[in-house]
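Here's the structure we're looking at; comments come further down.
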Amino acid sequence: MKNKGIRCESSELSLVSHQVDIDQAFSQNDDDEKSTCLESPELHPWQQSAQPSPLGPQQLSEDCLQALSPRLCDAMENLSNREEGSAHPLPSTPLLPRTPPLPSTPLLPSTPPLPSTPPLPSSPFLRRRRRSKEDLEPICSTPKSEEDPVSQRLQQRRRSQADPLKRVLLTTQMKNQFAALNAPKKDTSQIEGPSIANSYGFKISMQNLQEAKALHEVQHLTLMGMELHARTRRDLEPDPEFDPICALFYCLSSDAPLPDADSSQLTGAIVVDKDHESCDPGHRATAPLLVRSGVSGLQVKYATDEKVLFQELIAVFRRFDPDVLLGYEVQMRSWGYLLQRAAALGVNLCQQLSRVPGDSKENRFDAERDEYGADTMTEINIIGRITLNLWRVMKTEAALNNYTFENVAFHFLHQRFPLYTPRTLSDWFDHNTHLYRWKAVDHYVCRVRGTMQLLQQQDVIGRTSELARVFGIQFLHVLTRGSQYRVESMMLRVAKPLNYIPVTPSVQQRAQQRAPQCIPLVMEPESRFYSNSVVVLDFQSLYPSIVIAYNYCYSTCLGHVDSLGMPDEFRFGCTSLRVPPDLLYQLRNDITVSPNGIVFIKSSVRRGVLPSMLEEILNTRIMVKQSMKTYKQDKALMKLLHARQLGLKLIANVTFGYTAANYSGRMPCVEVGDSIVHKARETLERAIKMVNDTKKWGARVVYGDTDSLFVLLKGATKEQAFKIGNEIAEAVTATNPKPVKLKFEKVYLPCVLQTKKRYVGYMYESLDQKEPVFDAKGIETVRRDGCPAVSKVLERSIKLLFESRDISQVKRFVQHQCMKVLDGRASMQDLTFAKEYRGSSSYRPGACVPALELSRRMMAYDRRLEPRVSERVPYVIVYGMPGLPLIQLVRRPLEVLQDPGLRLNATYYITKQILPPLARMFHLIGVDVFSWYQELPRVRRREMRFQNVFLSDLCNIGAVRMSDGARKATST
DNA sequence: AGCGCATCCTAG
DNA sequence: TAAGCTAGGATGCGCT
């Protein structure tokens with residue numbers, strides 16, 4: 001079986017066909033590590049520029065080179081090297097500062113597997129510039145009003161070369177993009193993670209949902225994305241109170257051609273240039289600002305000051321009349337900043353950008369960041385236009401480790417975008433060498449286009465419109481309002497024709513409602529490794545099905561049996577109910593009683609509102625699923641339909657939540673909610689009993705949660721498992737009223753059931769599926785509250801176990817990874833945690849959590865840096881006193897910390913983070929993972945030193961000792 | 001050391 | 001201001 005000696009060429013370890021000698025693969029990785037962990041020694045096809053510049057930098061005249069800053073020269077040399085196919089950096093010489101490639105500080109998101117645009121191992125350049133005062137001068141943030149004659153001359157001389165230069169710069173941009181499919185994989189991350197598919201670490205596969213547009217009619221919507229550049233002070237973030245807007249970049253897009261334009265997409269800019277009036281387009285030296293920088297392909301307008309810029313923007317609005325205003329981070333980088341800046345200058349821009357300029361009450365924005373506004377995306381309110389804060393939308397699209405533009409673009413667009421500090425961008429924009437301004441402009445244009453691309457690729461507008469139509473609510477409310485609003489919208493449409501009026505309980509009434517008495521069934525699993533087939537079945541939309549099947553509704557509920565038969569009113573939901581005894585007598589044969597003793601009328605007497613509504617939703621969902629079968633080959637359409645049916649499923653499921661809502665509920669009713677839960681529980685229990693009692697299946701239920709059954713079929717082959725699984729599903733379905741349906745989901749072979757809500761297995765969903773899919777629930781591989789190293793090591797170990805069943809391989813692997821950590825050969829990103837910041841007011845006084853502590857420090861540093869509510873705050877654990885780990889913020893993962901070098905607490909990472917989850921998993925097969933660690937040589941360092949670490953600008957915030965915060969809070 | 005509590009994120 | 005639900009595991013801190 002083992003095929004020794006096959007070299008792992010692409011370093012893609014397919015664990016499915018496990019033919020790679022693990023040791024060899026490891027040693028090869030070790031080789032790579034010595035050079036650099038982040039780089040590939042070879043240029044991949046997509047890295048090479050499509051059009052090599054005809055004029056290489058070496059052809060530039062010497063004085064021209066001198067005119068450029070040393071940095072640019074270096075960068076260009078670097079480029080030329082790369083174009084010759086030697087992207088590999090020179091071995092590092094301690095004497096010379098290393099030179100960064102053009103996008104000098106590309107952001108590497110949580111997984112750094114790509115060999116593109118390599119951040120050279122050490123690039124002290126930026127730091128040096130910042131530290132030396134003389135150096136600071138030429139690239140300081142304050143623009144020089146006049147250029148010295150020499151530089152003007154040089155500019156003229158360079159004029160002819162501007163275009164080739166631009167092309168050189170452009171090729172870097174091209175290299176930044178890559179085609180995922182044909183690029184060979186290069187696992188550059190130090191901690192070896194999963195290797196089945198998804199080799200780049202993308203969480204999202206590429207599919208353009210807009211391709212499914214055939215379905216849509218033209219919506220005649222115009223979108224306008226905007227990103228602006230402000231002149232910042234030193235290392236501070238832009239602040240509209242102080243920092244003027246220098247330029248504003250926008251991207252317009254419509255599904256029909258734009259007015260006065262031949263295409264449906266357009267990128268433009270409005271630039272402040274106080275000398276613009278004196279510009280002479282005929283002469284290069286005095287040409288408009290961006291022309292001097294070699295920018296073309298943009299619709300550029302110039303303004304002599306910010307107020308004129310506002311006027312120009314209003315003109316753009318008049319011309320294109322955008323329906324949707326888009327920004328990746330609206331508040332500080334886009335529309336929010338614009339409005340706040342305008343307000344600071346005494347201009348009420350909000351009014352003038354709206355479609356109803358006269359309404360000063362409704363046209364508003366919150367200058368102060370407030371948690372409610374941030375949370376609900378209602379910070380900005382411009383009548384007639386919708387403002388979208390894209391990062392918040394993306395948060396609902398996928399569970400990522402962080403939602404920076406760079407990381408989201410990496411996972412969704414499969415593109416790398418560099419991240420620059422505001423200071424770098426300010427320096428570039430105001431630099432005497434006009435070419436630098438090109439870089440800044442290019443940066444913003446890429447981002448504003450990238451933001452638009454994200455929106456379009458995910459078809460956010462299309463899907464949101466779809467949900468708005470399905471629920472019958474406004475577009476913006478789909479994004480800003482909760483699920484009660486959706487349920488009510490649908491429910492009231494059904495209720496009104498039937499002449500029902502919804503109850504509106506007061507806060508007191510709601511609080512007085514009796515407590516719920518039923519909870520769903522969660523079995524304690526038989527926790528062990530299962531080498532036999534385990535079939536997973538679950539009830540399709542169980543709660544909604546039960547509501548339909550048993551006619552459970554507010555309008556059909558008669559209350560508890562014990563309360564009936566009396567003429568008096570009794571407590572019911574948030575209010576009370578009276579059921580006349582003689583009426584009850586009349587109905588005596590038309591009632592059902594739920595397992596918890598609540599009486600409901602049969603649908604033959606009165607069809608409930610909830611049941612009819614849910615039936616409609618489920619039927620629609622079935623229709624959608626059927627059309628998915630019809631269009632199976634159209635992947636994009638499939639995904640769209642999938643999203644639609646998911647939306648329907650969601651609303652079906654939260655309908656139960658509506659009845660059971662306790663503290664925020666607008667019309668809760670425990671009786672109804674409890675009945676649903678209890679009936680579901682009884683249904684599941686009946687199914688479990690049936691499976692266990694039917695001898696011919698030879699089956700035993702080993703786990704179940706709410707609506708699912710895990711059935712062990714001892715000795716059954718995969719084929720038999722599918723057959724029996726389907727039989728069970730049919731048999732159980734037959735014993736339940738329509739539309740309650742038990743569905744065969746998957747076969748696990750093998751699997752591990754760890755605890756309640758935590759399990760993992762190799763999954764087969766159909767008989768003809770050859771390769772299993774790694775499917776994990778609840779364990780660390782799917783959680784985002786550990787560091788990536790944890791999930792990577794765990795996932796790989798489990799796969800090794802499943803495939804080889806050879807524990808010595810797992811042991812070797814785990815020990816190898818521990819050594820890497822101990823030797824400081826691990827990548828920082830694998831050791832970076834990220835936790836959500838909930839906003840300062842939502843923590844208990846004295847709370848002591850990293851996200852909160854770090855936020856406090858950030859505020860002390862620069863008030864603009866406080867994380868947004870629900871933003872994820874990244875940090876690492878640095879070396880501290882034993883048992884008292886320090887945390888350190890990692891804000892911009894690409895800033896380079898030179899010295900003294902960051903010291904991460906290796907012992908903490910291994911013994912507290914990586915090993916415990918492994919131990920829990922492997923304990924189940926009788927293996928003591930910690931003893932593997934004990935066997936490692938003791939001489940190893942207990943800290944990891946990172947000399948060339950990509951760290952934050954904010955290192956000067958310093959590490960935080962976690963108990964400090966708590967002590968402070970309790971003492972005051 | 002053991003308990004209670006807060007926090008985070010996931011399953012359903 | 002508006003805000004579907006509960007169960008569950010795991011970690012880390014403070015207190016006894």
Side-chain angles (χ1 to χ4, degrees), chain A residues 366 370-373 375-378 399 401 477 480-488 491 507 510 515-525 527 536 538-539 541-543 649-668 670 672-674 676-677 680-681 684 703-709 745 754-759 776-786 790-791 833-838 842-853 870 872-873 877 883-885 887 908 912-913 916-917 919-920 961-967 969-970:
Chain A
D366 300 326
D370 93 42
E371 279 159 22
Y372 167 70
D375 207 40
T376 53
M377 302 193 284
T378 51
N401 243 338
H477 288 168
T480 57
R481 302 291 301 263
S483 41
Q484 292 202 78
Y485 188 75
R486 300 176 180 192
V487 172
E488 276 177 7
M491 187 177 69
V507 180
R510 191 203 295 148
Q517 292 164 340
C518 309
I519 55 167
L521 174 65
V522 185
M523 287 174 69
E524 191 63 56
S527 86
V536 181
D538 61 22
F539 285 98
S541 306
L542 182 58
Y543 286 4
K649 184 182 176 175
L650 209 76
I651 187 78
N653 284 338
V654 298
T655 302
F656 158 74
Y658 185 86
T659 66
N662 54 10
Y663 73 103
S664 64
R666 288 164 54 87
M667 194 175 71
V670 259
V672 176
D674 259 6
I676 296 171
V677 174
R681 187 183 173 115
L684 182 65
Y703 178 57
D705 182 347
T706 312
D707 61 353
S708 65
L709 290 169
E745 271 285 309
Q754 200 175 60
T755 60
K756 287 175 174 179
K757 298 182 191 284
R758 293 183 158 228
Y759 53 87
K777 294 286 156 75
I779 62 172
E780 284 74 5
T781 56
V782 293
R783 295 183 67 89
R784 292 174 297 163
D785 48 359
V790 175
S791 46
F833 298 82
K835 302 257 170 83
E836 198 171 287
Y837 175 60
R838 298 204 323 262
S842 73
Y843 289 92
R844 289 277 134 75
C848 177
V849 286
L852 180 61
E853 280 309 307
S870 89
R872 293 173 67 85
V873 180
I877 306 291
L884 199 59
I887 56 175
Y908 172 86
K912 294 283 184 182
Q913 292 293 326
R920 277 194 292 278
R961 176 169 291 131
M962 273 316 295
S963 357
D964 279 358
R967 218 171 287 146
T970 42

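Letters A, B, ... are given to chains in the order of the sequence lines, protein chains preceding strands, and every chain is numbered from 1. Both backbone and side-chain heavy atoms feed into the values below; hydrogens, waters and symmetry mates do not.
The interatomic distance linking A:Asp707 (CG) with C:dA7 (P) rounds to 16 Å, in whole Å. One atom, CD of A:Gln913, and another, C1' of C:dG12, lie 11 Å apart when rounded to the nearest Å. Between A:Glu524 atom CD and C:dG9 atom C1' there is a gap of 11 Å when expressed in whole angstrom units. In this structure, A:Asp705 places its CG atom 11 Å from P of C:dG9, rounding to the nearest Å. In this structure, OH of A:Tyr658 is placed 12 Å from P of C:dC5, rounded to the nearest angstrom. Protein atom CD of A:Gln754 is 13 Å distant from nucleotide atom C1' of C:dG8, rounded to whole Å. Between the OH atom of A:Tyr543 and the P atom of C:dA7 there is a distance of 10 Å, given to the nearest Å. Straight-line distance from the CZ atom of A:Arg758 to the C1' atom of B:dC9: 9 Å, rounded to whole Å.
With C1' as the reference atom, B:dG12 and C:dG4 are 14 Å apart, rounded to whole Å.
If you check every strand for non-hydrogen atoms under 4.0 Å, A:Arg486 touches nothing. Among the atoms of the strands shown, none is found under 4.0 Å from any heavy atom of A:Pro668. At a threshold of 4.0 angstrom between heavy atoms, the contacts of A:Val677 with the nucleic acid are absent. Looking at heavy-atom distances under 4.0 Å, A:Asn662 makes contact with sugar-phosphate atoms alone, never a base. Within 4.0 Å of A:Tyr703, counting heavy atoms only, lies no atom of the nucleic acid at all. Nucleic acid contact for A:Ser483: base, since at least one base atom lies under 4.0 Å from a heavy atom of the residue.
Within the structure, a side-chain polar atom (N or O) of A:Arg920 is placed less than 4.0 Å from OP1 or OP2 of C:dT11. Put simply, A:Lys757 has no side-chain N or O that comes within less than 4.0 Å of OP1 or OP2 on C:dG8.
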A:Asp707/A:Leu684 under side chain to side chain contact (heavy atoms under 4.5 Å, CB included): CA gap, chis, key distance, verdict
CA-CA 6 Å; A:Asp707 61 353; A:Leu684 182 65; 5.8 Å; no

Taking it one step at a time, do A:Leu709 and A:Tyr703 satisfy side chain to side chain contact (heavy atoms under 4.5 Å, CB included)?
CA-CA 6 Å; A:Leu709 290 169; A:Tyr703 178 57; over 6 Å; no

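Checked against ring-ring contact (aromatic ring centres under 6.0 Å, His included), A:Tyr843 has no partners two or more places apart in sequence or in another chain. Qualifying side chain to side chain contact (heavy atoms under 4.5 Å, CB included) partners for A:Thr706, counting only residues two or more places apart in sequence or in other chains: A:Pro520, A:Tyr543. A:Ser708 meets the side chain to side chain contact (heavy atoms under 4.5 Å, CB included) test with A:Asp538, A:Asp705, A:Phe710; sequence neighbours excluded. Residues satisfying the side chain to side chain contact (heavy atoms under 4.5 Å, CB included) test with A:Arg783, not counting sequence neighbours, are A:Arg758, A:Asp785. Not counting sequence neighbours, the partners of A:Val670 by the side chain to side chain contact (heavy atoms under 4.5 Å, CB included) test are A:Gln513, A:Arg514, A:Pro516.
When each of C:dG9, C:dT11, B:dC9 is scored by its nearest atom to the side-chain atoms of A:Arg784, the top-ranked nucleotide is B:dC9. Distances from the side chain of A:Tyr759 to the nucleotides B:dA11, C:dG12, C:dA3 place B:dA11 closest. The side chain of A:Lys777 approaches B:dG12 more closely than any other nucleotide in the set C:dG4, B:dG12, C:dG9. For A:Glu780, the side-chain atoms get nearest to C:dA10 when compared with the rest of C:dA10, B:dA11, B:dT10. Checked against C:dG12, C:dG4, C:dG8, the side chain of A:Ala661 finds its nearest nucleotide in C:dG4. Considering only the side chain of A:Arg872, B:dC9 comes nearest among B:dA11, B:dC9, C:dG12. Distance from the side chain of A:Asp785 is smallest to C:dG9 among B:dG12, C:dA3, C:dG9. Taking only side-chain atoms of A:Lys835, from C-beta outward, the nucleotide of C:dG4, B:dC9, C:dG12 with the closest atom is B:dC9.
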What pairs of nitrogen or oxygen atoms, one from the protein and one from nucleotides 4-7 of chain B, lie under 3.5 Å apart?
from, atom 1, to, atom 2, distance (Å)
B:dT7, OP1, A:Arg844, N, 3.0

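Between A:Glu488 and A:Arg481, no side-chain nitrogen of the basic residue sits less than 4.0 Å from a carboxylate oxygen of the acidic one, so the salt-bridge criterion is not met.
You'll find a donor-acceptor pair under 3.5 Å spanning the side chain of A:Arg783 and the base of B:dC9, going by distance alone.
Positionally, the nearest nucleotide of DNA chain C for A:Asn653 lies more toward the 5' end than for the other of A:Ile519 and A:Asn653.
Side-chain contact check for A:Arg920 versus A:Thr755: every heavy-atom pair is 4.5 Å or farther apart.
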